[in-house]
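Note sheet for the following structure.
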Amino acid sequence: MTERLLPRIHDPKDLRALPESDLPRLCEELREDIIALCGRVGGHLGASLGAVELIVALHRVFHSPQDALVFDVGHQAYAHKLLTGRRERMDTLRQAGGIAPFLDPRESPHDALAAGHASTAVSAALGMLQGRRLRGLPGHAVAVVGDGALTGGLTFEGLNNSGGMHLPLVVVLNDNQMSISANVGAIPALLRTSGARAFFEGLGFTYLGPLDGHELPTLLHALREARASSRPVVVHALTQKGRGFPPAEADLQTRGHAMGPYEWRDGKLVRSRGGQRTFSEAFASAVEELMARDARVVTVTPAMLEGSALVRLQQRFPERVFDVGIAESHAVTFCAGLAATGLRPVCAIYSTFLQRAYDQIIHDVCLPGLPVLFAVDRAGLVGADGATHQGTYDVASLRPIPGLTLMAPVTGGDVPELLATALALPGPSLMRFPRGTLPEWPAELAPEPPGTGRGARWLKRARAPRVSLLTLGPLALSALEAAAAEPDWSVVDARFVTPLDEAAVLEAAACGRLVVAEEGTTHGGLGSAVLELLAARRVTARVTLLGMPDVFLPHGDARVQRAQLGLDAAGLRRAARALLEEETP
């Protein structure tokens, strides 16, 4: 049996020492390992399979880390991780304390820049190249971007600046015609024509391509030519997402992007991740009902049709559901324009991606008071996607904006009511909800009556409370569980952060002890709003704030992390009992 090559690669210099004739076999082994790895632990399968030859060629021609290889996002980088000293730990991918889901310089010097959001590579690589020139340091800089990044404005800003600076930046365009969904807009279509050359050359780049991204001799020749150039170069490589794994090749929008653990036996996919109904699906179902009743309602998403469960909605309302590409800022201002004509746009966007459109939220939506509803998915802990994707800051960053109503459901049953409330408002609103399956109210704990209007909801109202628990979103269920055996503990679901139900908060704090729990940063979030209110009203109470700490939380099991942060029932119970054990204020 022929000895495998991959175990001999501990650093890219080992790859460069191989005979060039061995590289196709190395690519086969990389694909085998990526398919087996994702079968065990799940992960971003499709883009990594499609980029194998590209990454082998890059490490063959360029000398990382002296030459900076800057990847957009990191979905495509599993072969890069396997070739840069992390192969023996790859079974810990996306797990607590294990290999990061995306690129992380703290993990390896070969990861030139932390990357979890798209369209950043060109700007970052240009900055690295210019920085090295100013400091007199050697080395090249390569931006490895997917064609989906060309739907994002930041990439165009970087390309424009790069072409004007005339530095020898190398941009490798990994063109597989896909993001998570099929790419949208004029530029992806242009890449399929002879106009691609004119486009990049018009920006000041030498254009090499389009090339077969799986043909190693062709790639190596082009990359060597790019490395020797004294001016900016685009290497346009056509690749196949999911290459080498038939289920991914055939199903680019789900299996081709990311999969949970699976089993691949006798050429068939025999086990893959199933799932219960999620908050995303509950949101999409509620929006579908609203769109069926009200022709003014439209939905916009920045390249997240699948993640936001909007595929069926787009199929039913193809002219009223808009995928605008990886362009969050544009998505928000596009919604502002829709709202200005009398429509009621719903902007479906992840919390981490909403950060990229902060100015547009303030300047284009909230300042003129336009009725845009932001449906903020993945709010709070996100698990395996880690620090770049944690939904940590949406409440704290958006709470100060005048006129923005900010709310959160506890269960799927709350979603239609809050959506209807939001769409009845004359101005902007935001509904945040977490990643994951829908919880249900335990029959004995179901709120009665259900929440109405824009106020908080008392879930348990003790006659003579000694401590109150105030929560936002599904943490209400943990609070109820914590207080279940305590007749003198009250539980309040805040529901709305802005406007805050001041009467409910003041009543909850009247007992002198209050625990506030939220799945977001404690700096500026719901807890801060409560403390501001108590200070303004000169109310004295002992208050414990529970939430996400002042660090960038890494990847891991979200349930375990909630327990570690005291955001499960046991943690809320401990916090309340600690207040009760303190001396009376």
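What you see below is based on every heavy atom in this structure, not just the backbone, and it leaves out hydrogens, waters and symmetry mates.
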Inspect the contact between R86 and D111 and indicate whether a charged nitrogen and a carboxylate oxygen are less than 4.0 angstrom apart. yes

Is it true that atom CZ of R192 has more than 12 heavy atoms of other residues, nucleotides or ligands lying nearer than 6.0 Å? yes

Is the backbone of R435 close enough, under 3.5 Å, to the side chain of R378 for a donor and an acceptor to pair up by distance? no

Not counting sequence neighbours, which residues clear ring-ring contact (aromatic ring centres under 6.0 Å, His included) with H214? List them please. none

Between D91 and R40, is there a salt bridge with N-O shorter than 4.0 Å? yes

Does this structure show an ion pair linking D33 with R4, if we count only N-O contacts that are shorter than 4.0 Å? yes

Minimum heavy-atom distance L6-L82, with the two atoms named: CD1-O, 4.4 Å

Strictly by modelled atom types, are H555 and D385 linked by a side-chain donor-acceptor pair under 3.5 Å? no

More than 12 heavy atoms of other groups within 6.0 Å of H330 NE2: yes

I'd like to know whether D67 forms a side chain to side chain contact (heavy atoms under 4.5 Å, CB included) with V142, so could you lay out the CA-CA distance, the side-chain angles of the two residues, the decisive distance to 0.1 Å, and finally the verdict. CA-CA 8 Å; D67 295 334; V142 182; 5.8 Å; no

Please determine which of D147, T239, D72 meets the side chain to side chain donor-acceptor pair (under 3.5 Å) test together with N174. T239

If you measure from the Lys or Arg side-chain nitrogens to the Asp or Glu carboxylate oxygens, is any gap between E53 and R60 under 4.0 Å? no

Presence of salt bridge, D568 and R562, under 4.0 angstrom: no

Using a strict cut-off of less than 4.0 Å between a Lys/Arg side-chain nitrogen and an Asp/Glu carboxylate oxygen, indicate whether E306 and R312 qualify as a salt bridge. no

Would you check, one step at a time, whether the test ring-ring contact (aromatic ring centres under 6.0 Å, His included) holds for H389 with F353? CA-CA 8 Å; H389 281 53; F353 300 142; 5.6 Å; yes

Please indicate whether E215 has more than 12 foreign heavy atoms, meaning atoms of other residues, nucleotides or ligands, lying under 6.0 Å from its CD. yes

